[in-house]
Structure formats: C-alpha cells, structure tokens
Amino acid sequence: MGRQGRRHGTVTVVVLLGAPGAGKGTQAPVLAERLGVPILASGDLLRAAVAARTALGTAADRYMSRGQLVPDDTIVDIFLERLGADDAGGGAILDGFPRTLGQAEALDRALAERGGRVDLALYIDLPEDDLVARMASRRICAANGHVYNIASNPPREPGVCDLDGSPLVQREDDREGTVRARMAQQIPPLNEVVDHYRATGVLRTIDGLRSIHEVTAGLLAATNREFGAI
Ligand code: AMP
C-alpha cells in the first residue's frame, strides 16, 4: 500500500474516464503506482469471465463482441463486489467503470455505505475521429493485455510484447466497424457520467490529444493537486 493509499484511514477512489481508445489502459498503471492502489478494469473482468465461460461471461459476450455496453444489471453487482475485495481496501483506480449514469449512481451508493466517495474523476478527453483512428492501430498482448499502439507507442520488436514476450493481437472489438458502433453507443452515456462528476465537483479534464507523456503528466498533476505531492 502506497503512503497515499489509506489517507485519513479512508479509501482513495479515482475514476478514470474516457471513450474507448482514449488511453485509460495505458495511463492507469502510472496512477495506480502513484497512489499505491490496484487498478480495477471492468473490461478485463468481463474478458476474463468470457474466457472462463462463466454465466457472467456468457451473458456479457454477445454485447461485447458487438461493441455494445453490457446491461447495468450484468456488470454493476459483480464490479462492486470486486471493489469490495481485500486488495482494494485502501481504494482503487477504476478503469472502464462507471460507463453509465446508473453505474455512477450505484457506485456512489456503494461507496457511501462504506463511508467513502469518488475522490477524483480524471477525464481523458479526445475528439471521436481521433479515437477511431487510434483504436484501429491499438494492439494488446495475448498473455496479459499490455497495451500498445503500432503508430504512437510501438513495442521494441514488432508484434511482440516488451513486458512478457507474448504475441500482440487486435481485440475483436477494436476492428473498424465495431469501433464505430462502440463510439455511437458509448459516448452519450459517457457524457452523462462526465456531467455527473462535474456536478459533484470532482472532475478534472485532461486533453487527450497530447502525447502519452504529456497526458501522464497532466493526470499526475491533477492527482497531486488532490492528494498532495509525494
Ligand atoms: P474496455 O476494455 O473497457 O474497452 O471494455 C470492453 C467492453 O466490455 C466494452 O466495449 C463493453 O462491451 C464491456 N464493458 C466494459 N466495462 C463496462 C461497463 N462498465 N459497462 C458496460 N459494459 C462494459
């Protein structure tokens, strides 16, 4: 647990917001390390369920493969249960959750029951056309989901993960037609979630068109303003 993980004996909950392709998965590890809390990525949770052929995975798969959000009642309970696990006792970086206003409100209620709240919502903001272009060149490693971009963040050796040597693959839902469907379906509810955190005063917006390092710096600056510099 990092020194900021249990400040004032409470939990540190940071929500990382952005449309598909905004760079949440790339940036989340830096924030997790900075705050000493784990990353909880709803997409990873769902993909693991699909791979393990659980009831959740079967229910989620038909939405995911079409680039649609899974229904709130499929993801909310399972995600909040994950957030209640021991390793998230000091808080977590939430990557990919909440994605709808209903999820955001369910999260608020669950945290309030534990005396907590969303401390910070970091929104990586990017125009839709840039998002589509980025996702077409996104690759992830087959073993652990490490994220690359063959245009802006390539691996040292083409097609091979720097971190674990596994082959890089394109996610089924990163293909162009699916990407357009994901954007059309996911951006309007994302905007509602952004508005929700703006209204509660915890939203910080970072310009996602800047380089990966500049976005990281912007996220860390907002985090340091909220929690204090290390
Ligand atoms: P991601 O890896 O975050 O891009 O998520 C991949 C896919 O999983 C999304 O396109 C959705 O189909 C589904 N998904 C992930 N998180 C959520 C969520 N919070 N609510 C609904 N669907 C989700």
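Numbering of residues begins at 1 and proceeds along the displayed sequence.
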message: Please identify which of these residues, R138, R139, R134, meets the salt bridge (Lys or Arg N to Asp or Glu O under 4.0 Å) condition with D174.
response: R138
task: Sort out for me which residue in R171, M183, R175, E176 forms a side chain to side chain contact (heavy atoms under 4.5 Å, CB included) with M135.
output: M183
message: Tell me whether D95 contacts the main-chain N or O of I39 through its side chain, where contact means a donor paired with an acceptor under 3.5 Å.
response: no
query: If you measure only the distance, is there a donor-acceptor pair under 3.5 Å linking the side chains of D125 and T205?
result: no
- line: Distance col, row I93:CD1 vs T223:OG1, nearest 0.5 angstrom, shows 7.0 Å
task: Taking atom CD of Q170 as the centre, report whether more than 12 heavy atoms of other residues, nucleotides or ligands fall under 6.0 Å from it.
output: yes
- line: Residue pairs meeting side chain to side chain donor-acceptor pair (under 3.5 Å), one or both in residues 17-29, sequence neighbours left out, come to Q27-T216
statement: Interatomic distance, CG@L45 vs CZ@F79, rounded to 0.5 Å, equals 7.0 Å
message: Using a 3.5 Å distance criterion without hydrogens, assess whether the side chain of D162 forms a donor-acceptor pair with backbone atoms of R156.
response: yes
task: In sequence, state the C-alpha distance, the side-chain angles, and the governing distance for T12 and D119, and then conclude on side chain to side chain donor-acceptor pair (under 3.5 Å).
output: CA-CA 6 Å; T12 302; D119 296 286; 5.0 Å; no
message: With rounding to the nearest 0.5 angstrom, report the CG to CG distance, N144 to L163.
response: 8.5 Å
field: N153/V147 under side-chain contact (heavy atoms from CB on, under 4.5 Å): CA gap, chis, key distance, verdict
entry: CA-CA 9 Å; N153 181 29; V147 184; over 6 Å; no
